[in-house]
Novice: 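One structure, pasted below without further comment.
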Amino acid sequence: MTVSWSFQAAEWLELRNAVRRAGVPALVDHAARAWQAAKTQPYSAKYFLRGWTGLQEPTTYTGPRPVAGPSKTTEYLEDMAAIAEELRQQKSKGA
């Protein structure tokens with residue numbers, strides 16, 4: 001991709017903020033996808049600026065999270081299932 005980088009002062013600040021917020025890899029990824037989707041070949045980086053300013057902070061993998069123990073609802077349902085099984089067994093013995 002070859003584009004012109006003719007920005008106004010405010011646009012340079014928008015670009016700087018996007019780089020700080022989302023990071024260069026996210027901006028490059030966005031530009032590559034926008035380039036491929038463009039109906040005509042972009043000639044200026046301004047073509048990407050609106051999309052770059054909309055990018056959010058990249059997600060960060062923080063590793064696996066501990067799984068909480070069973071909830072009270074789960075315990076209740078397990079108790080009800082056990083009672084139902086006990087009743088089925090009593091019914092089958094009596095039949």
Side-chain angles (χ1 to χ4, degrees):
M1 290 184 274
T2 302
V3 293
S4 165
W5 288 86
S6 300
F7 287 146
Q8 299 296 320
E11 293 168 326
W12 281 113
L13 293 175
E14 289 179 39
L15 177 60
R16 179 203 61 192
N17 293 339
V19 169
R20 288 179 177 172
R21 183 179 53 256
V24 172
L27 272 64
V28 170
D29 179 62
H30 177 272
R33 286 184 285 113
W35 183 275
Q36 291 175 343
K39 293 181 182 178
T40 60
Q41 184 176 345
Y43 62 89
S44 172
K46 288 182 181 185
Y47 179 84
F48 308 111
L49 188 59
R50 183 179 202 123
W52 286 338
T53 59
L55 293 174
Q56 300 302 312
E57 293 181 24
T59 56
T60 304
Y61 177 69
T62 57
R65 295 185 181 121
V67 177
S71 69
K72 295 203 179 284
T73 303
T74 303
E75 291 175 11
Y76 175 80
L77 292 174
E78 289 172 350
D79 290 346
M80 292 298 105
I83 291 169
E85 180 59 30
E86 186 177 321
L87 292 172
R88 276 191 291 274
Q89 288 177 2
Q90 287 177 1
K91 186 176 180 182
S92 66
K93 288 180 184 176

Novice: Taking atom CZ of Arg16 as the centre, report whether more than 12 heavy atoms of other residues, nucleotides or ligands fall under 6.0 Å from it.
Specialist: yes
Novice: Are Leu55 and Leu13 linked, directly or through other ILVMFWY residues, by side chains that come within less than 4.5 angstrom of each other?
Specialist: no
Novice: I need the Glu78 CD to Ile83 CD1 distance, nearest 0.5 Å.
Specialist: 12.0 Å
Novice: If hydrophobic clusters are built from ILVMFWY residues whose side chains come within less than 4.5 Å, do Trp5 and Tyr43 share one?
Specialist: no
Novice: Could you check Glu85, Glu86, Gln90 and say which one makes a side-chain hydrogen bond (donor to acceptor under 3.5 Å, both in side chains) with Arg88?
Specialist: Glu85
Novice: Rounded to the nearest 0.5 Å, what separates atom CE in Met80 from atom CD in Glu75?
Specialist: 12.0 Å
Novice: Which atom pair, heavy atoms only, marks the closest approach of Ala18 to Leu27?
Specialist: O-CD1, 3.7 Å
Novice: At their closest point, which heavy atom of Ala45 faces which heavy atom of Phe7, and how far apart are they?
Specialist: CB-CZ, 3.7 Å
Novice: Quick one: NZ on Lys46 to CG on Leu15, what's the gap to the nearest 0.5 Å?
Specialist: 12.5 Å
Novice: Would you give the length of the straight line joining atom CG of Leu49 to atom CD of Gln8, rounded to the nearest 0.5 angstrom?
Specialist: 11.5 Å
Novice: Within the structure provided, determine whether Val19 and Trp52 are in side-chain contact (heavy-atom separation under 4.5 Å).
Specialist: no
Novice: First locate atom CH2 of Trp35, then atom OH of Tyr47, and finally report the distance between them rounded to the nearest 0.5 Å.
Specialist: 9.5 Å
Novice: If you round to the nearest 0.5 Å, how far is CZ of Arg21 from CD of Glu14?
Specialist: 9.5 Å
